[in-house]
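Read the structure below first, then the notes.
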Amino acid sequence: MTAAVTSPIIDRFRAFLDASPTSFHAARFAAQLLEEVGYTALDETSAPSPLAAGERRYVLRAGSLVAFRVGGMNPASAGFRIVAGHTDSPNLRIKPQPLRYEHGYLRLGVEPYGGVQQATWVDRDLGIAGRVVLRDGRSRRAGLVDIRRPLCRIPTLAIHLNRSVNDDGLKLNAQNHLPALFALSDDKTADPFRALLGEELGVSPKDVLTWDLALYDLTPAVVSGLNGEFLHSGRLDNLGSCHAGLEALLAANDDDVPATTAVLALFDHEEIGSTTERGAQSSWLEHVLGRIVRDAAGDDAGGLSRALTQTWLVSSDMAHAVHPAFGDKHDGEHMPKLNAGPVIKQHTAWRYATEADGAALFQQLCEDAAVPSQWFVNRSDLACGSTVGPLVAARLGVRAVDVGNPMLSMHSAREMCGTQDQARMAAAMRGFFRG
Ligand SMILES: [Zn+2]
């Protein structure tokens with residue numbers, strides 16, 4: 001029997017996945033990795049201060065992060081090389097008043113976030129993670145929690161009581177069937193959920209004001225398959241792209257400072273449409289880029305718009321590999337395969353921000369990195385998904401390409417991808433950052 005093979009980048013990828021049960025944790029973990037190689041936090045409220053060539057900064061806003069390395073040329077002339085992805089994944093969010101007492105059970109009320117494949121969340125060991133806002137005198141402070149132990153479960157109904165389940169599929173009503181078992185209790189005078197959070201954060205339960213918390217599958221990321229060809233984990237969409245971009249930026253540390261300014265933009269809230277204060281439709285990235293131009297080039301009126309004319313965006317989001325049992329769901333000439341390289345995604349209505357010039361750029365990046373690339377175009381008779389690519393490209397007015405590594409089980413609680421593609425995407429992105 002062949003032992004599962006692994007590689008340093010896959011070990012780092014698994015560590016990133018396991019440390020990132022929510023977008024808040026993903027953005028914070030990325031910031032920590034960047035700090036280890038010399039990136040420092042940029043305070044968005046601080047007064048302008050000069051940025052020199054090669055300087056490395058990041059801006060963290062809850063579950064979103066923008067990191068950059070200033071290029072050797074004035075960004076107003078040389079532009080940006082932006083890699084963008086999203087930190088959030090579909091999951092089940094715990095409601096503000098979650099306690100539901102039914103038949104002697106205490107369940108936690110949840111609301112689906114994004115396009116959850118609901119049936120994949122049942123009969124799993126679920127932990128709880130996210131952001132909690134605490135009372136701090138007359139003010140407030142936020143803390144992250146990751147309660148990494150089996151606390152909740154959404155139990156299936158026995159087949160004896162649901163005889164048609166294999167013919168009809170497991171149909172779950174989000175309001176009635178998804179609330180998660182949390183305890184055996186009918187003591188309505190207590191608030192054990194708030195008490196749990198207080199204990200985790202070392203504060204009195206009365207100082208726990210409210211939260212952005214989600215359930216998550218506790219199973220760690222694993223390498224699988226006869227020859228270690230697969231990786232199984234939650235949240236591959238889109239932590240796979242976030243990690244590839246991060247690997248590329250970290251590796252670029254060892255490269256000479258190129259003319260262009262490298263930017264990694266990891267957005268929260270893509271799965272719910274991106275129209276939030278830190279989402280891809282917000283003005284946030286535009287403001288950060290404006291600040292880079294001003295701080296790096298002096299107060300240069302019109303500098304940002306000149307920079308954007310020279311800018312390229314690589315938007316990365318996971319792609320649909322062909323499924324062995326459902327090959328007819330793909331266009332016959334556009335069937336991405338696992339471990340066959342990064343996928344370039346195109347859609348005529350610009351659900352993907354790809355045209356020929358961007359696709360050709362990415363093909364050459366792959367050639368330069370000696371990695372294969374593939375194409376994905378949706379079947380013409382199926383509706384197409386989307387990414388942050390069109391939103392960021394349209395908002396900034398920049399040329400773009402949409403790419404992503406191939407995967408199966410997208411939006412399941414437990415997704416899968418290939419183990420060869422991560423290094424390839426990171427290599428192509430590293431070449432992109434070289435300008
Ligand atoms: Zn995605």
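On a predicted model such as this, the values are computed, not experimentally measured, just so you know. Just follow the structure's listing: the first ligand is 1, and inside any ligand the first atom is 1.
- At a threshold of 4.0 Å, the pair Arg149-Glu200 counts as salt-bridged, since one of the basic side-chain nitrogens sits closer than that to a carboxylate oxygen.
- Applying the ring pair (Phe, Tyr, Trp, His ring centres under 6.0 Å) test to every pair with at least one member in residues 232-267, sequence neighbours left out, gives these pairs: Phe13-His243, Phe16-His243.
- With waters neither drawn nor counted, the protein N/O/S atoms under 2.8 Å from the Zn ion (ligand 1) amount to 4.
- A salt bridge between Arg93 and Asp212 is absent, with no side-chain N of the basic residue lying under 4.0 Å from a carboxylate O of the acidic one.
- Ion pairing of Glu55 with Arg69 is absent here, as no side-chain N (NZ or NE/NH1/NH2) approaches a carboxylate O to less than 4.0 Å.
- When the shell of 6.0 Å around CZ of Arg140 is examined, it contains 12 or fewer heavy atoms from other residues, nucleotides or ligands.
- With respect to Arg399 and Glu355, no salt bridge is recorded, no charged nitrogen being found less than 4.0 Å from a carboxylate O.
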